[in-house]
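Reading through the C-alpha cells given below for one structure.
Quick caveat: nothing in here was measured; it's all calculated off a predicted structure. Reminder, nothing fancy here: chain letters follow the sequence lines and each chain counts from 1.
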Amino acid sequence: MNLITFEKSARKFVIRAFGKSVDDEGFLVEKDNHNQRIISPEGLEIQEKQFGGVKKGSEIYFGSDLISIIHLFDSLV
Amino acid sequence: MDLSKLKDLIKVHIDFSKLKEIHLLSDNKAPNITYNDNRVIINVDPSVQTPEILKSLSHVIPQVLNEKGGLVIEDGSKKLLDNYSVIYKRGKYKDLLDYFKGKLSAHDLEILRASLYIREAFEDHQSVSDLKNDLVARYGTRGNNICNLCSAGYFETLIKPLYEQMLNESDFTPEKFYARYEVIILQIPFAVFVSHANTPEELVSLIISKIEYNRKYGVHRLYIHGIGETNVKKIKEILGMIKTHFIEEPEVDSSHGYINVTIHY
C-alpha cells in the first residue's frame, strides 16, 4: 500500500500522525517546538487550511495550491 | 510495511496484498472497504475510532512514505494532481512553453505554465476561480496579468510574434524584448491589443468603450499594442479617428513591425 488520501476534515489527524502540530496562527509546526514552522520545498510556510500532504523524500510537506501541485507533479514524473 | 495493526480496523477478511489506499474521511461510520479498478481501499473516519485504532492508524500513515511512490495527499489536491496530469499529457502547450524557455524569467515561465493549465481547465468546463486565486496569492498582480494575457491567447498572438519581429531587427537584444514584454505585462489592465480580426470600426468602438470604462474609475490613460505592418497601419488610422478624445498628443513607439501607443484623455 502506498497511498493515503484524506478529506479536509482529517487534515489535523494526518498532521498529528507525522508528529506535527498547528500554531496559534494556523501554521504547521514541529510538535515539540512551536517556534519551528514547517516549510515546503519552495521555502514557504504552510497553513493547515492549505496543507496538501506529504511526499517521500524524508518528509516533504506540500501545499494544496496550484503551483505546489505542479511542483509535486514534476517531482513524481 | 507492517499492516498487521490494520487488521483490527476491518472486521471482514481482505487480501492485504491488494490493499492500495487508505482514505480518511468524515462519515461517522465504521471503517468499510471499497474497490476501484482492482484496488482495495479502506475508508476510515478517524473521529469515531477507538484510541487503539487511532494509534494503529497514526503508526501506519507515516510508514506509507517508505513505500515506492509513497504519498499522503488531501482529496482536493489529489484531484488537482490527476487533472493536471491529464491536461499535461495532452501536450497541447508544450511547444509554447519550450519556445519561451530562456526568453522569459523562470518565475514568469512558471506563471505561464500554470496559466495555460487554467486556460485548458476552463475550456474543459472546470471551475478555475480558486486556481487563479492561488496564482494571485503567490505572484500578486503580475500573476493576475500574465494569467489574463494567457487566457486571451496573447502569448501566441502578440508576445511570440513580437519576439519574432524584434529578432529580425539588426540591433535586437534579449533585454530589448524583455523591456517591451514588461510593458505589456504591466499595462494589460489598461490596454487594447489589436489583432488582424479587428476592423477599424470595431476597434474604435472598443477603444471608446474602454476609455469610458477607465474614466469611470479614475484612469485617464489607455495603451494600444499591435504587431505586424497591417496592425501598425490600422492603429495609426484609428488614432486619427478618435483624436477628439485626447487631451494631448499620443505617445507613439513604433517600428515597421510593431507599435505601442499611450493615449491620455
Side-chain angles (χ1 to χ4, degrees), chain A residues 1-22 25-32 38-77, chain B residues 1 3 6 16-27 39-42 44-47 54 57-78 80-81 83-85 88 110-111 113-114 117-118 121 128 130-135 137-139 143:
Chain A
M1 180 188 70
N2 64 357
L3 181 64
I4 304 275
T5 55
F6 57 94
E7 287 183 359
K8 288 176 184 164
S9 57
R11 267 184 171 135
K12 220 164 210 138
F13 179 75
V14 172
I15 289 166
R16 285 191 194 130
F18 281 96
K20 312 300 179 203
S21 184
V22 178
E25 289 176 43
F27 287 94
L28 268 62
V29 293
E30 292 292 348
K31 194 171 90 172
D32 299 329
I38 310 302
I39 57 171
S40 70
E42 300 95 1
L44 300 171
E45 295 166 343
I46 304 172
Q47 288 197 305
E48 182 193 348
K49 63 183 178 186
Q50 293 222 310
F51 171 55
V54 191
K55 83 170 192 83
K56 191 174 166 145
S58 50
E59 285 171 5
I60 296 178
Y61 294 79
F62 54 88
S64 58
D65 61 287
L66 175 58
I67 301 289
S68 296
I69 297 302
I70 290 175
H71 288 172
L72 174 66
F73 174 83
D74 286 344
S75 72
L76 294 175
V77 293
Chain B
M1 187 162 86
L3 295 173
L6 289 184
F16 274 87
S17 68
K18 287 208 170 91
L19 177 61
K20 295 299 179 195
E21 180 182 335
I22 292 177
H23 181 221
L24 304 177
L25 74 173
S26 176
D27 66 356
R39 295 164 59 90
V40 175
I41 302 169
I42 297 178
V44 182
D45 181 346
S47 68
L54 288 179
L57 259 182
S58 297
H59 177 79
V60 163
I61 288 171
Q63 280 189 45
V64 161
L65 297 189
N66 296 330
E67 300 300 308
K68 186 178 172 190
L71 185 62
V72 178
I73 186 166
E74 183 266 327
D75 285 348
S77 299
K78 178 79 171 45
L80 180 55
L81 181 68
N83 286 343
Y84 184 82
S85 176
Y88 177 86
E110 182 164 85
I111 298 171
R113 186 179 173 190
Y117 169 74
I118 290 171
V128 297
D130 283 350
L131 300 180
K132 192 166 174 195
N133 288 342
D134 284 349
L135 206 54
R138 195 183 277 240
Y139 289 110

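Within the 4.5 angstrom heavy-atom criterion, only backbone atoms of B:Asn66 (N, CA, C, O) approach chain A. Proximity to chain A (any heavy atom under 4.5 Å) is restricted, for B:Leu135, to the side chain, taken from C-beta onward. Only the side chain of A:Ser9 comes within contact range of chain B, judged by heavy atoms closer than 4.5 Å. Looking at A:Ser68, the atoms closer than 4.5 Å to chain B (heavy atoms on both sides) sit in the backbone and in the side chain alike. Residue B:Ile111 does not touch chain A at all, counting heavy-atom pairs closer than 4.5 Å.
In this structure, A:Ile70 CD1 and B:Leu131 CG are separated by 9.0 Å, a value rounded to the nearest 0.5 Å. Expressed to the nearest 0.5 Å, how far OG of B:Ser47 lies from NZ of A:Lys12 amounts to 13.5 Å. Considering CZ of A:Arg11 and CG of B:Leu24, their distance stands at 13.0 Å, rounded to 0.5 Å.
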**Request:** Tell me, with the steps shown, if A:Phe6 and B:Leu25 meet side-chain contact (heavy atoms from CB on, under 4.5 Å).
**Result:** CA-CA 6 Å; A:Phe6 57 94; B:Leu25 74 173; over 6 Å; no
**Message:** Run A:His71 and B:Glu110 through side chain to side chain donor-acceptor pair (under 3.5 Å) and show every step you take.
**Reply:** CA-CA 10 Å; A:His71 288 172; B:Glu110 182 164 85; 2.4 Å; yes
**Request:** Check step by step if side-chain contact (heavy atoms from CB on, under 4.5 Å) holds for B:Asp134 and A:Ile67.
**Result:** CA-CA 8 Å; B:Asp134 284 349; A:Ile67 301 289; over 6 Å; no
**Request:** Could you check A:Asp65 against B:Arg138 for salt bridge (charged side-chain N to carboxylate O under 4.0 Å, His left out), going step by step and ending with a plain yes or no?
**Result:** CA-CA 9 Å; A:Asp65 61 287; B:Arg138 195 183 277 240; 3.1 Å; yes
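The greatest number of non-hydrogen atom pairs below 4.5 Å with chain B, out of A:Leu76, A:Val77, A:Asp74, is found for A:Asp74. Ranked by heavy-atom pairs shorter than 4.5 Å toward chain A, the options B:Lys132, B:Arg113, B:Lys78, B:Lys68 are led by B:Arg113.
Here the side chains of A:Leu66 and B:Leu80 are in contact, with some heavy-atom distance below 4.5 Å. By the 4.5 Å heavy-atom criterion applied to side chains, B:Leu65 and A:Phe18 are counted as neighbours. When side chains are defined from C-beta on, A:Met1 counts as touching B:Val60, because their heavy atoms get closer than 4.5 Å. At least one side-chain heavy atom of A:Phe62 sits under 4.5 Å from a side-chain heavy atom of B:Leu71. By the 4.5 Å heavy-atom criterion applied to side chains, B:Ile73 and A:Leu72 are counted as neighbours.
Across all their heavy atoms, A:Glu7 and B:Ser26 have their closest contact at OE1-N, 3.1 Å. Closest heavy-atom contact between B:Pro62 and A:Ala17: CG-O, 3.2 Å. Of all the heavy atoms in B:Glu67 and A:Lys56, the pair that sits closest is O-NZ, 3.1 Å.
Looking at B:Glu21 and A:Thr5, their side chains do bring a donor and an acceptor atom within 3.5 Å of each other.
Here the side chain of A:Lys55 pairs no donor or acceptor atom with the backbone of B:Val72 at under 3.5 angstrom.
In this structure, A:Phe13 places its CZ atom where more than 12 heavy-atom neighbours from other residues, nucleotides or ligands lie under 6.0 Å away.
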